[in-house]
Each structure stands twice: as C-alpha cells, then as structure tokens.
Amino acid sequence: LHVVSVSDLIFASGKGQYHSDGGKSPRPLQQTSLANIVAMMSSPQTNTDKSDGLWIIPSNLLTRTKAAQLADGVFWALWGDLDGGITPPPLTADVAGIVSEALNGADVMAWSTASATEENQKARLLIPLATPVNGIEYQRLAKALNNKLAGLGVVPDRKTESANQIMYLPNKGKFYTTSRSGSGRMSVSVLADEVALIVAAEEAQAEADRLSRIRSDEKLAARLATGTASPIKAFNECYDVAEMWRHYGAKQVGTRYLSPHSDSGNAAIEIKDGGRWISSHGSDAALGIGKVTGTSCSGDAFDLFKFFEHGND
C-alpha cells in the first residue's frame, strides 16, 4: 500500500439505501473520491430521500458485504454520525474544531444531516487517515473514535462501527452548514490507547467464551452419557445462546446482536429468556436459520449449531 494524496482517495459508493452488489437485485457499486466529497460539502444534494441519496463506505473494496470488507477491505477514513450533542450542544459550525482538537489537530470535516434543524444540529464527520487499515482494524478504530466522542459528551451513532455501514454524503435539508478544522490526515496512533483497551476487552470476552464452550462441551458429554431421551434438550441446557451467536460472528451492540449476515448495520437479534433468540434480520430468515416467519426467524442454541456447523442437516 502506498501513501496517496487527498485527491486520490477512492471510496466505494452507491446511490440509494437499496443499492447493493448482493441481494435479490444486485448492482455493481460505484466509486467516488475524497475530493468529490469535499466539493459536495459546498454543493450538496438538496432534500434527497435516502432511497435516492448518495453514500460511501470508506473502503476501496466495491462491496456492501461485511465479511468481504472485514477480509479484504482497505479503509482510508473514519466517520461519525452525531445524533445528539454535548451540553450545551455545539453548532455544526464548531464541531469539527472540537473533534479535531481531541484528535491532535487532525483534519476533520463536518456537515449537517438532512434531518438537522437549527435547534437540533445533527452532523456527520469524515476523518481521512494517514495510512490505510484493514477491516478488523477499522472496526476497532471506529469504536475508539466513538468512545472518544462520547468522552467529549457528543452522542455518536454506534452503527458506524460496522465495516459495511454506509455513510450518506452531504444533503441539504431545512438547515445546512459545514465546518472543517485541522490539517493533515489522522495517524492511527492518535487512538492507540483507546484501541488497546478495545483489543483487551475482545480478548477477555473471547477467552471467557472459550472457557464457557469447554464447560458446555463437558456438560453435554456428561448428559448424553446418561442416555438422555432428548439430545437436543440436553444441548440447549448446556450452551448459552448469546455466547453461541458471538462464536458464529455476531457482534453485540448494547443488549442486541448484529448478525454476521446483515448488510444494514442495524442490530436486530434479541436474546429472550429461556434460551431463545429472535432475529429480525431478513438475511437470517432468507438463509433459513431456526423457525422462519416472514422476514424474521427464531430458535434456540441447537438451531444455531445445526445451521452454522451442519448446513441445517
């Protein structure tokens, strides 16, 4: 990978929230440059609905598939979606400066979202990186950035922490303003301390899940050795549903989980009492995980084991 000028930065792009290279009506993604985005800040789209709005993924890999972005994506920028503000809330005209100062003076661009009003100045941030990162590193940096924003009192939308989440480009609504502050693309070292904490938490969770799975394997073997009449019931009594979703690649977002099959970035798996789960991800239902009802599905730990490890056989 080589260092390129700001005008050379190329991102995956699309038009409309349903534009995707996968699904029922796939269309190839497009490309756009950072220079084009900077130009759009001054000449934005106007009152454009999300169904027709322009967007990017800050990676040069032309896909909305999360697994592909995690494996092969090359990311040249971070972004933030500010749903709320600090108290008192900052003006969009000031927010780039506030964030840039917290990032050692890195270049930060900000523009109002289409739903922003003068009283509620929601904004999006775009922060070019000095060196590119892969998909795993990107997700950690995105979370680190949101943690930094939260530390400032700014309320970030955590959907940005998914490698395939789309960022809508400047779109002028009833209220629109921009700001830009700092100089030079951000070094990833600026967020090194925050990333180290995230990695430590991931490793601790992975180790806890590993030990939990070993205990579950041992309990299941002991139960089956007694000649239980229902191996499925024994399995469900021995394995934790949340741990299994994590084991198979789901990401925890608050109290919900984001399916590894989702392109939307909206965490739509709920863990219910009694070892049950419900997924409102249409992608999970389309794949036939558990019991399918329309565009949602539900099941237990054994349904996950059956699907992910045995192709539903």
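Side chains included, hydrogens not; waters and symmetry mates left out as well; all remaining heavy atoms used.
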Salt bridge or not for E137 and R140, using N-O below 4.0 Å? no

Would you please classify the geometry between the F307 ring and the H261 ring as parallel, tilted or perpendicular, with 30° and 60° separating the classes? perpendicular

Just grab all the side-chain hydrogen bond (donor to acceptor under 3.5 Å, both in side chains) pairs involving residues 141-151, residues at least two apart or on different chains. N146-T160, N146-E161, N147-R158, K148-E194

Just do the salt bridge (charged side-chain N to carboxylate O under 4.0 Å, His left out) check on E218 and R215 with the steps written out, would you? CA-CA 5 Å; E218 293 172 345; R215 289 192 293 269; over 6 Å; no

Would you say that more than 12 heavy atoms from the other residues, nucleotides or ligands in this model lie under 6.0 Å from the CD of E202, or not? yes

Counting C-beta onward and ignoring hydrogens, is there a side-chain heavy-atom pair between M186 and L103 closer than 4.5 Å? yes

List the residues meeting side chain to side chain donor-acceptor pair (under 3.5 Å) with S59, not counting sequence neighbours, and say none if there are none. Q69

Would you sort out whether Y239 and F305 count as a ring pair (Phe, Tyr, Trp, His ring centres under 6.0 Å), showing the intermediate values? CA-CA 10 Å; Y239 290 88; F305 172 72; 7.5 Å; no

Is the backbone N or O of A301 less than 3.5 Å from a side-chain atom of N236, with the two atoms forming a donor-acceptor pair by type? yes

Validation row: D209, R246 side chains within 4.5 angstrom (heavy atoms): yes

Taking salt bridge (Lys or Arg N to Asp or Glu O under 4.0 Å) as the test, write out the residues that go with K50, two or more places apart. none

Could you tell me if the side chain of C297 sits less than 4.5 Å from the side chain of D284, heavy atoms only? yes

CD (Q30) with more than 12 external heavy atoms under 6.0 Å: yes

Give the C-alpha distance, both sets of side-chain angles, the deciding distance and a yes or no for side chain to side chain donor-acceptor pair (under 3.5 Å) between N47 and K172. CA-CA 6 Å; N47 295 319; K172 183 178 180 180; over 6 Å; no

